[in-house]
Amino acid sequence: FAHGDYLRTGAIARFSPVMDAVAAFGDAGGPVLGICNGFQILCEAGLLPGALQKNAGLRFLCTSVDIAVANATTCATSATRTGDVLRLPINHFEGSFTCSETTRRELAEHNQIVFRYCRNPNGSVDDIAGISNRAGNVVGLMPHPERACHALLGSIDGQGILLSLMATAGRGETVRESAGVTSRG
């Protein structure tokens with residue numbers, strides 16, 4: 001967890017110098033994926049709306065959950081289909097997504113809800129497990145697709161998310177250049 005999360009999860013990390021480059025990259029259309037603490041930081045930095053708060057019941061959760069793809073047109077879901085159900089691990093104490101009712105309506109109206117919990121483990125508003133910005137190139141989610149990307153890890157359900165990101169990044173040479181990113185990665 002970045003910078004110890006002494007105030008709120010991601011509150012200090014949002015001031016890290018790298019966040020200027022992340023914001024510029026995202027603003028230029030580059031794909032940005034924030035997983036767990038990364039999602040918390042993207043919200044704290046204002047790249048995504050809403051916030052993550054302590055789980056309902058004030059319990060740390062370390063388990064696998066089912067999430068449904070609600071929007072298959074983002075940088076993290078282009079290799080999936082709307083309605084696909086993915087089993088992914090979660091590992092958080094502050095993973096309950098919250099936002100105002102106005103923001104929740106806007107997220108729904110603009111198709112920014114990317115993932116929903118099938119059985120909400122943490123009290124997230126509207127069962128939200130992940131959201132995107134309006135352009136769909138900045139995505140945050142609490143579950144860990146990188147921990148479910150190989151049979152040796154017990155699941156390959158995270159592959160679609162990671163493959164989506166890789167496919168989007170492969171088309172981003174001009175985005176990287178316009179954001180001032182010079183390395184290929």
Side-chain angles (χ1 to χ4, degrees), residues 26 29-43 47-53 55-57 59 61-172 175:
V32 176
L33 178 64
I35 299 168
C36 196
N37 190 224
F39 183 19
Q40 296 158 335
I41 294 167
L42 291 176
C43 289
L47 277 74
L48 292 174
L52 285 300
Q53 64 185 2
N55 298 333
R59 293 180 42 202
L61 299 171
C62 183
T63 189
S64 290
V65 297
D66 292 331
I67 62 170
V69 176
N71 175 354
T73 64
T74 72
C75 71
T77 55
S78 61
T80 67
R81 293 183 311 253
T82 298
D84 282 355
V85 175
L86 311 174
R87 185 143 185 89
L88 301 175
I90 58 171
N91 186 8
H92 59 256
F93 181 65
E94 296 182 13
S96 177
F97 180 79
T98 189
C99 62
S100 68
E101 180 56 26
T102 300
T103 298
R104 190 206 59 77
R105 276 194 310 271
E106 289 173 357
L107 289 170
E109 288 171 12
H110 297 284
N111 204 25
Q112 291 175 256
I113 300 171
V114 180
F115 302 103
R116 279 200 166 92
Y117 292 110
C118 296
R119 295 182 68 203
N120 194 335
N122 57 22
S124 289
V125 168
D126 205 14
D127 301 325
I128 292 173
I131 61 171
S132 72
N133 64 351
R134 287 194 183 174
N137 67 301
V138 177
V139 173
L141 74 155
M142 285 310 296
H144 288 270
E146 81 284 5
R147 295 182 185 175
C149 62
H150 194 282
L152 288 175
L153 297 174
S155 175
I156 61 168
D157 284 3
Q159 284 183 356
I161 295 169
L162 301 176
L163 291 171
S164 296
L165 186 66
M166 290 169 52
T168 304
R171 295 190 303 266
V175 171

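Nothing here was measured: the structure is a model prediction, and the numbers come from that model.
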Any non-hydrogen side-chain atom of [X] less than 4.5 Å from a side-chain atom of [Y]?
| X | Y | answer |
| --- | --- | --- |
| H92 | N55 | yes |
| L86 | V69 | yes |
| D66 | R119 | no |
| F93 | R59 | no |

Atom pair [atom1]/[atom2] of [X] and [Y] - distance to nearest 0.5 Å:
| X | Y | atom1 | atom2 | answer |
| --- | --- | --- | --- | --- |
| S64 | L88 | OG | CG | 8.0 Å |
| N133 | L107 | CG | CG | 11.0 Å |
| N120 | I128 | CG | CD1 | 9.5 Å |
| N91 | C36 | CG | SG | 6.5 Å |
| I161 | D84 | CD1 | CG | 10.0 Å |
| I35 | Q40 | CD1 | CD | 12.0 Å |

Determine whether I67 and R116 satisfy the following criterion, side-chain contact (heavy atoms from CB on, under 4.5 Å), listing intermediate values before the conclusion.
CA-CA 5 Å; I67 62 170; R116 279 200 166 92; over 6 Å; no
What's the shortest heavy-atom distance between [X] and [Y], and which atoms?
| X | Y | answer |
| --- | --- | --- |
| A72 | T80 | CB-O, 3.5 Å |
| L48 | G140 | CD1-N, 3.5 Å |
| I156 | A151 | CG2-N, 3.6 Å |
| C43 | P49 | SG-O, 3.6 Å |
| S78 | T168 | OG-OG1, 4.3 Å |
| T77 | N71 | OG1-O, 2.7 Å |

Dump the intermediate steps for side-chain contact (heavy atoms from CB on, under 4.5 Å) on D126 and I113, then the final yes or no.
CA-CA 9 Å; D126 205 14; I113 300 171; 3.8 Å; yes
Donor-acceptor pair, distance only, cut-off 3.5 Å: does the side chain of [X] make one with the backbone of [Y]?
| X | Y | result |
| --- | --- | --- |
| S164 | A79 | yes |
| N122 | G95 | yes |
| N137 | G26 | yes |
| D157 | R87 | yes |
| S124 | D127 | no |
| Q53 | F97 | no |
| Q112 | I131 | no |
| H150 | L152 | yes |
| S96 | G123 | yes |
| Q159 | C149 | yes |

Let me see the working for L42 and V138 under side-chain contact (heavy atoms from CB on, under 4.5 Å), right down to the final yes or no.
CA-CA 9 Å; L42 291 176; V138 177; 4.1 Å; yes
Would C118 and V65 satisfy side-chain contact (heavy atoms from CB on, under 4.5 Å), going step by step from the backbone distance to the final call?
CA-CA 8 Å; C118 296; V65 297; over 6 Å; no
Can you confirm whether the side chains of E146 and H144 place a donor and an acceptor under 3.5 Å from each other?
yes
Counting only heavy atoms not in L153 (residues, nucleotides, ligands), do more than 12 fall under 6.0 Å from its CG?
yes
